[in-house]
Novice: 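This structure is in structure tokens; I'll ask about it shortly.
Heavy-atom basis, side chains included; hydrogens, waters and symmetry copies ignored. Note that the structure is a prediction, hence the values are computed from the model and not measured.
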Amino acid sequence: MNKPLLVKSVWFQLLWFLAVLGQESTQVWLVIAVVASVVFSYWQRDIHLRWLVGFVLCGIVLDSFNQYTGLFIFPTPWLPLWLLLLWGIFVWYAYQMRTILTHFPKFIVCIVGALGAAGSYYAGLKFAAVHWPYSTVITLVIVFVEWFCLLTAMIYSLNVLQKQGKGLDHEQNSD
């Protein structure tokens with residue numbers, strides 16, 4: 001059993017619940033936790049900052065597009081801070097899972113990941129963190145396709161980092 005990965009998985013799930021259930025009321029704690037996670041990983045040379053920032057921005061653009069097109073409706077005219085922070089901790093977690101994400105067949109990982117993401121957004125709907133004006137099926141299919149594409153890009157880029165010697169070898173990370 002990979003205990004460090006188990007701890008990181010539990011940490012990610014705790015922060016997901018903190019973000020989705022607490023929303024605005026727990027944002028300060030979420031900021032502290034996300035920043036601490038990234039800083040600690042950087043200090044341990046266990047994060048590639050450009051990769052992290054790039055995919056956090058991709059996620060924010062994706063959810064901004066979903067909000068702009070009316071797929072998602074939030075109580076504010078912009079993406080809530082807790083959702084931006086959730087992108088930060090998700091991308092951090094994906095990087096921590098890089099050996100698993102790049103070990104198994106990409107297609108299977110993307111299918112499972114996209115199903116998990118769609119389920120996560122559905123849970124957000126049920127916890128009243130987001131509203132879906134379109135049917136549940138249509139929204140889930142769109143989210144699934146978006147996440148399948150996003151995860152494909154993430155895994156591809158992790159493989160590129162690995163080939164460059166920057167992705168899986170903790171000692172060689174320079175940023």
Novice: Can you measure from NE2 (H48) to CD (Q164) and round to the nearest 0.5 angstrom?
Specialist: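 H48 atom NE2 to Q164 atom CD measures 7.0 Å (nearest 0.5 Å).
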Novice: Atom CG of L161 and atom CZ of R98: how far apart are they, to the nearest 0.5 Å?
Specialist: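 One gets 9.5 Å once the value is rounded to the nearest 0.5 Å.
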Novice: Quick check: closest heavy atoms across M97 and S9, and the distance to 0.1 Å?
Specialist: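 What the structure gives for the nearest pair is SD-OG, 4.4 Å.
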Novice: Quick one, F72 with F65, criterion ring-ring contact (aromatic ring centres under 6.0 Å, His included). Give me CA distance, side-chain angles, the key distance, then yes/no.
Specialist: CA-CA 9 Å; F72 297 159; F65 176 77; over 10 Å; no
Novice: Kindly indicate whether the side chain of Y42, heavy atoms from C-beta on, has any atom under 4.5 Å from the side chain of L49.
Specialist: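 Yes, side chains in contact.
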Novice: Measuring from I73:CD1 to L125:CG, what's the distance to the nearest 0.5 Å?
Specialist: 11.0 Å
Novice: I want to check something: taking the side chain as every heavy atom from C-beta on, are W87 and L57 in contact at a cut-off of under 4.5 Å?
Specialist: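 No; the side chains remain at least 4.5 Å from each other.
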Novice: If only atom types and distance count, is the side chain of S25 paired as donor or acceptor with the main-chain N or O of G22 below 3.5 Å?
Specialist: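 At least one qualifying donor-acceptor pair exists.
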Novice: State yes or no: do W29 and L85 share one hydrophobic cluster built from I, L, V, M, F, W and Y residues joined by side-chain heavy-atom distances below 4.5 Å, directly or via other members?
Specialist: yes
Novice: Rounded to the nearest 0.5 Å, what separates atom CG in L101 from atom CG in L158?
Specialist: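 The CG atom of L101 sits 6.5 Å away from the CG atom of L158.
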Novice: Answer with yes or no whether the hydrophobic clustering places V61 together with V145; edges join I, L, V, M, F, W, Y residues whose side-chain heavy atoms lie under 4.5 Å apart.
Specialist: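 Different hydrophobic clusters.
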Novice: Check each of T152, I155, I100, L151 against V109 using the side chain to side chain contact (heavy atoms under 4.5 Å, CB included) test, and report the only one that passes.
Specialist: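 Of the listed residues T152, I155, I100, L151, the side chain to side chain contact (heavy atoms under 4.5 Å, CB included) partner of V109 is I155.
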Novice: Is a side-chain N or O of S135 found less than 3.5 angstrom from the main chain of I138, in a donor-acceptor match?
Specialist: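 Present.
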Novice: Do V20 and V31 sit in one hydrophobic cluster, given that two such residues count as connected whenever their side-chain heavy atoms are within less than 4.5 Å of each other, even indirectly?
Specialist: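 They do share one cluster, since a chain of ILVMFWY contacts under 4.5 Å joins V20 to V31.
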Novice: Taking all atoms of both residues into account, what is the closest heavy-atom pair of A128 and Q23, and its distance?
Specialist: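 Heavy-atom minimum between the residues: O-NE2, 3.7 Å.
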Novice: Taking the six-membered ring for Trp, is the centroid-to-centroid distance between W147 and F90 below 6.0 Å?
Specialist: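 Ring centres of F90 and W147 closer than 6.0 Å.
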Novice: Starting at CH2 of W16, measure out to OG of S120 and round the result to the nearest 0.5 Å.
Specialist: 4.5 Å
Novice: Is there a path of hydrophobic side-chain contacts, each under 4.5 Å between heavy atoms of I, L, V, M, F, W or Y residues, that connects V53 with V38?
Specialist: no
Novice: So which heavy atom on A94 is nearest to which on M154, and how close?
Specialist: CB-CE, 3.7 Å
Novice: When W51 is tested against each of Y95, W92, Y156 for ring-ring contact (aromatic ring centres under 6.0 Å, His included), which residue passes?
Specialist: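 By the ring-ring contact (aromatic ring centres under 6.0 Å, His included) criterion, W51 pairs with just one of Y95, W92, Y156: Y95.
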Novice: Looking only at heavy atoms, which two atoms of L79 and S64 are closest? And how far apart?
Specialist: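 In terms of heavy atoms, the two residues are closest at CD1-OG, 3.2 Å.
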Novice: Below 30° counts as parallel, above 60° as perpendicular, anything between as tilted: where do the rings of F127 and F17 land?
Specialist: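 F127 vs F17 ring planes: perpendicular.
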Novice: Do W82 and L18 pass the side-chain contact (heavy atoms from CB on, under 4.5 Å) test, and can you show the C-alpha distance, the side-chain angles, and the key distance before you say yes or no?
Specialist: CA-CA 9 Å; W82 61 264; L18 185 67; over 6 Å; no
Novice: Please check if the number of heavy atoms outside F74 that lie under 6.0 Å from its CZ is greater than 12.
Specialist: yes
Novice: May I ask you to test the L71-Y134 pair for a side-chain heavy-atom distance under 4.5 Å?
Specialist: yes
Novice: Can you find a pair of side-chain heavy atoms, one from T99 and one from Q162, that are under 4.5 Å apart?
Specialist: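 Result no, sub-4.5 Å side-chain heavy-atom pair not found.
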Novice: Are side-chain heavy atoms of L140 and Y122 found at a separation under 4.5 Å?
Specialist: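 Result yes, sub-4.5 Å side-chain heavy-atom pair found.
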Novice: Working to the nearest 0.5 angstrom, can you tell me the gap between I89 CD1 and Q13 CD?
Specialist: 11.0 Å
Novice: Grouping I, L, V, M, F, W and Y whenever their side-chain heavy atoms are under 4.5 Å apart, do I47 and V39 come out in a common cluster?
Specialist: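 Yes, I47 connects to V39 through the hydrophobic network.
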Novice: Look at the side chain of S157 and the backbone N and O of A153, then say whether any donor-acceptor pair between them is shorter than 3.5 Å.
Specialist: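 Looks like yes, one N/O pair under 3.5 Å.
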Novice: Quick check: do N159 and K106 have side-chain heavy atoms less than 4.5 Å from each other?
Specialist: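 Yes; the side chains approach each other to less than 4.5 Å.
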Novice: How close do A118 and V143 get, counting heavy atoms only, and between which atoms?
Specialist: CA-CG1, 3.8 Å
Novice: Please confirm whether the backbone N or O of D46 pairs with a side-chain atom of Q96, one donor and one acceptor, at under 3.5 Å?
Specialist: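 Flag set: sc Q96 to bb D46 pair under 3.5 Å.
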Novice: Of all the heavy-atom pairs spanning L30 and A19, show the shortest one and how long it is.
Specialist: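 Result for this residue pair: CD2-CB, 3.4 Å.
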